[in-house]
Undergrad: 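Can you read through this structure? Questions will come right after.
Counting convention: from 1, in listed order, for ligands and their atoms alike. We're numbering straight along the sequence, starting at 1.
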Amino acid sequence: MTGGIQELANLLRRSQHPVVLTGAGVSAESGVPTFRDTQTGLWANYRPEDLATPEAFTRDPETVWRWYAWRRELLAGVRPNPGHTALARLQQVVPALALITQNVDGLHQLAGSPGVIEFHGNINRTVCSDKSCQGQALPDDTREPPLCDRCAALMRPDVVWFGEAIPEPTMTAAGAALEGCDLFISIGTSAVVYPAAGMAQQVVANGANVAEINPNATPLTSNADISIAEASGEVLPKLLAAIET
Ligand code: BV8
């Protein structure tokens, strides 16, 4: 058993308010390219940061819409991997465990995780680009992007773009989960996108222990009490086994 896993299991057993933050690395073993993986094929000439912005959508809504449609197609046949499944089971064994994800793929919910806080939204949901409007697209609207059936504004993916604020209800839910957090477990994230990347610093200031599960070093690694440099799909089932024995 990797040292870090037994140590993390001991901390998790004693924790009153454990919080997990996941990033694209948790979905990597499901075959979902991580956010900063090189884009493939049609999208090889674009950087995600240049497409996932309100400016890009204003400038070229069709290209941005097609990028998200392509990513949704990539997700169509994708299943949760053993990391997602073990995390969902951990939430049953450790009911206090709160799960915040930066991922927009919905795989944690598909694996059975309850109460997932989708910090950057969900690519499978589409909303009116007028945030005050609750309209939807008509099912037979094949325009790219489709128009809102209530105000005729462009529809857009229900994700948080770079330069957009995290929605208030999401920030409130994440703040409540982090309140009193005594163990923060960062899994599969490069820890460079804010304000999500600021969570670890916030809880450390309150005396929390921090663990990281990531094959590669990140800006968080040097400050982590426990750092497990292995794939989450390998580590999480072992962590679950350690907790359940
Ligand atoms: C905002 C949805 C302000 C869209 C995404 C300081 C403070 C506040 C803001 C900023 C700041 N500095 C800069 C900013 C601006 C910006 C930012 O952080 N930029 C970065 C690039 C520097 N932040 C924002 O714009 C945020 N908004 O600040 O608004 C504001 C306030 C008021 C009013 C108006 C505005 C919004 C950020 C949200 C952006 N949206 N996604 C979409 O998906 O299309 S972020 C995007 O990055 C994804 O959601 C992704 O999840 C997220 C983070 O990436 P990771 O998940 O970490 O993925 P990555 O590929 O980077 O890394 C994968 C990791 O997995 C790697 O480390 C790898 O080693 C590891 N791995 C690989 N395989 C495995 C593995 N780990 C474990 N197991 C494996 N098998």
Side-chain angles (χ1 to χ4, degrees), residues 2 4-5 8 20-40 43 46-57 63-72 74-75 80-87 99-108 116-127 131 156-168 170-171 174 185-202 211-221 224 227-239:
T2 311
I5 293 177
L8 180 52
V20 167
L21 171 70
T22 63
V26 163
S27 296
E29 290 157 270
S30 295
V32 180
T34 63
F35 201 74
R36 281 162 188 76
D37 271 348
T38 47
Q39 298 271 31
T40 55
W43 304 101
Y46 294 85
R47 281 182 351 117
E49 285 85 355
D50 299 334
L51 286 168
T53 69
E55 295 76 16
F57 187 67
T63 296
V64 173
W65 178 266
R66 286 182 172 174
W67 182 52
Y68 282 91
W70 173 69
R71 288 172 60 188
R72 274 194 290 273
L74 281 183
L75 282 172
N81 64 60
H84 293 109
T85 310
L87 206 44
L99 174 55
I100 303 172
T101 188
Q102 297 172 93
N103 300 339
V104 296
D105 57 30
L107 288 176
H108 284 302
V116 180
I117 298 172
E118 295 182 308
F119 206 61
H120 294 154
N122 186 311
I123 197 171
N124 297 309
R125 286 195 304 267
T126 299
V127 291
K131 301 227 172 185
R156 58 164 284 178
D158 187 16
V159 297
V160 181
W161 279 329
F162 288 98
E164 289 188 318
I166 307 296
E168 200 52 47
T170 306
M171 283 301 272
I185 311 174
S186 177
I187 311 176
T189 179
S190 55
V192 296
V193 174
Y194 283 81
M199 292 178 188
Q201 293 142 10
Q202 174 190 337
E212 182 178 51
I213 301 172
N214 189 328
N216 302 307
T218 74
L220 179 58
T221 309
S227 173
I228 303 171
E230 288 178 46
S232 50
E234 303 292 323
V235 172
L236 289 170
K238 290 175 185 170
L239 178 63

Undergrad: Among all protein non-hydrogen atoms, which one is nearest to atom 73 (N) of ligand 1, and what is the separation to 0.1 Å?
TA: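 Residue, atom and distance for the closest contact: A28 CB, 3.7 Å.
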Undergrad: What is the nearest protein non-hydrogen atom to atom 79 (C) of ligand 1, stated with its residue, atom name and distance?
TA: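 I find the closest protein heavy atom is G25 O, 3.3 Å.
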Undergrad: When you measure from the side chain of E29 to the backbone N and O of G233, does any donor-acceptor pair fall under 3.5 Å?
TA: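 Yes, E29 side chain to G233 backbone: donor-acceptor pair under 3.5 Å.
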Undergrad: Considering heavy atoms of the protein only, find what lies nearest to atom 43 (O) of ligand 1 and give residue, atom and distance to 0.1 Å.
TA: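 Looking only at protein heavy atoms, the one closest to atom 43 (O) of ligand 1 is R71 NH2, 3.0 Å.
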Undergrad: Donor-acceptor pair, D158 side chain versus N124 backbone, under 3.5 Å?
TA: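 Not confirmed, D158 side chain does not pair with N124 backbone.
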Undergrad: Which residue and non-hydrogen atom of the protein lie closest to atom 6 (C) of ligand 1, and at what distance in Å?
TA: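 Heavy-atom neighbour on the protein nearest atom 6 (C) of ligand 1: Y194 CB, 3.4 Å.
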Undergrad: For ligand 1, which atoms, with element, lie under 4.0 Å from some heavy atom of N216?
TA: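 Checking each atom against N216, I get 68 (C), 69 (O).
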Undergrad: Within the 4.5 Å heavy-atom criterion, are I187 and V20 side-chain neighbours or not?
TA: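 With C-beta onward as the side chain, the pair touches.
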Undergrad: Measure the distance from atom 67 (O) of ligand 1 to every protein heavy atom, then report the residue, atom name and distance (to 0.1 Å) of the closest one.
TA: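 In this structure, atom 67 (O) of ligand 1 has N214 ND2, 2.9 Å as its nearest protein heavy atom.
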Undergrad: Do me a favour and list the nearest non-hydrogen protein atom to atom 25 (O) of ligand 1 with residue, atom name and distance?
TA: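 Atom 25 (O) of ligand 1 sits closest to the protein heavy atom G163 N, 2.7 Å.
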Undergrad: Show the atoms of ligand 1 that are less than 4.0 angstrom away from any heavy atom in Y68.
TA: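 Taking each heavy atom of Y68 in turn, ligand 1 has 4 (C), 42 (C), 44 (O) under 4.0 Å.
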Undergrad: I want to confirm something. Looking only at heavy atoms, which of G233, P215, A196 is nearest to atom 77 (C) of ligand 1?
TA: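 Considering heavy atoms of G233, P215, A196, the nearest to atom 77 (C) of ligand 1 sits in P215.
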Undergrad: If we check side-chain contact (heavy atoms from CB on, under 4.5 Å) with F162, which of these qualifies: D50, T53, L51?
TA: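 Going through the options one by one, the only one that passes is T53.
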Undergrad: In the protein, what heavy atom is nearest to atom 2 (C) of ligand 1, and what distance, to one decimal place, separates them?
TA: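 The answer is V160 O, 3.3 Å.
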Undergrad: So is F119 touching ligand 1 or not, going by heavy atoms under 4.0 Å?
TA: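 The answer is no: ligand 1 sits nowhere under 4.0 Å from a heavy atom of F119.
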Undergrad: Taking only heavy atoms of A165, which atoms of ligand 1 are found under 4.0 Å from at least one of them?
TA: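 Every atom of ligand 1 under 4.0 Å from some heavy atom of A165: 29 (O), 31 (C), 32 (C), 33 (C), 34 (C), 35 (C).
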Undergrad: Provide the number and element of each atom of ligand 1 under 4.0 Å from a heavy atom of A52.
TA: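 Near A52, the atoms of ligand 1 are 44 (O).
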Undergrad: Using a plain distance cutoff, I'd like to know if W67 has any nitrogen or oxygen under 3.5 Å from a nitrogen or oxygen of ligand 1.
TA: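 W67 vs ligand 1: no N/O contact under 3.5 Å.
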Undergrad: One residue to check: E29. Relative to ligand 1, which of side chain, backbone, both or neither has a non-hydrogen atom less than 4.0 Å away?
TA: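 For E29, only side-chain atoms sit under 4.0 Å from ligand 1.
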Undergrad: Based purely on interatomic distance, does T189 place a nitrogen or oxygen under 3.5 Å from a nitrogen or oxygen of ligand 1?
TA: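 For ligand 1, there is an N or O atom that lies under 3.5 Å from one belonging to T189.
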Undergrad: Does any non-hydrogen side-chain atom of T218 lie less than 4.5 Å from one of V192?
TA: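 No - every pair of side-chain heavy atoms lies 4.5 Å or more apart.
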Undergrad: Heavy atoms of the protein only: does one fall short of 4.0 Å from atom 14 (C) of ligand 1?
TA: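 No, there is none.
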Undergrad: How far is atom 56 (O) of ligand 1 from the closest protein heavy atom, and which atom is that?
TA: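 The closest one turns out to be A24 N, 2.8 Å.
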Undergrad: Could you give the side-chain donor-acceptor pairs of residues 193-202 under 3.5 Å, partners two or more places apart or in another chain?
TA:
from: Y194; atom 1: OH; to: Q201; atom 2: NE2; distance (Å): 3.3

Undergrad: Return yes if some donor-acceptor pair links the side-chain N/O of S27 with the main-chain N/O of S30 below 3.5 Å, else return no.
TA: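 Pair absent, no side-chain N/O of S27 close to backbone of S30.
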Undergrad: Strictly under 6.0 Å, is that where the ring centroids of Y46 and W67 end up?
TA: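 That pair fails the under 6.0 Å test.
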Undergrad: Taking the side chain as every heavy atom from C-beta outward, state whether L87 and T22 have any atom pair closer than 4.5 Å.
TA: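 In contact.
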Undergrad: Using a 4.0 Å cut-off to any heavy atom of V192, which atoms of ligand 1 qualify?
TA: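 Under 4.0 Å from V192, ligand 1 has these atoms: 18 (O), 20 (C), 22 (C).
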Undergrad: Is there a donor-acceptor pair under 3.5 Å between the side chain of N214 and the backbone N or O of S190?
TA: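 Side chain of N214 to backbone of S190: no pair is present.
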Undergrad: Is any side-chain heavy atom of E164 closer than 4.5 Å to a side-chain heavy atom of H120?
TA: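 No, every pair of side-chain atoms sits at 4.5 Å or beyond.
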Undergrad: So, is E164 polar-close to ligand 1, with some N/O to N/O distance under 3.5 Å?
TA: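 Yes; at least one N/O pair falls below 3.5 Å.
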Undergrad: Could you say whether the N/O atoms of G23 and ligand 1 ever approach to under 3.5 Å?
TA: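 No; the residue has no nitrogen or oxygen that sits under 3.5 Å from a nitrogen or oxygen of the ligand.
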Undergrad: Sub-3.5 Å donor-acceptor pair from the side chain of T101 to the main-chain atoms of N103, do we have one?
TA: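 Yes, the answer is positive, given that a donor and an acceptor are paired below the 3.5 Å cut-off.
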Undergrad: So for ligand 1, is T218 a polar contact partner (N or O within less than 3.5 Å, distance only)?
TA: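 No - when backbone and side-chain N and O of T218 are compared with those of ligand 1, no distance drops under 3.5 Å.
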Undergrad: What I'd like to find out is whether the side chain of V32 reaches to under 4.5 Å of the side chain of L75, using heavy atoms alone.
TA: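 Result yes, sub-4.5 Å side-chain heavy-atom pair found.
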Undergrad: Could you go step by step and tell me if V127 and R156 meet the side-chain contact (heavy atoms from CB on, under 4.5 Å) rule?
TA: CA-CA 5 Å; V127 291; R156 58 164 284 178; 3.9 Å; yes
Undergrad: Just which atoms of ligand 1 are under 4.0 Å from any heavy atom in S190?
TA: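 With S190 as reference, the close atoms of ligand 1 come out as 57 (O), 59 (P), 61 (O), 62 (O), 64 (C), 67 (O).
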Undergrad: In terms of atom number and element, which parts of ligand 1 are under 4.0 angstrom from non-hydrogen atoms of T34?
TA: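 Counting from 1, the qualifying ligand atoms are 60 (O).
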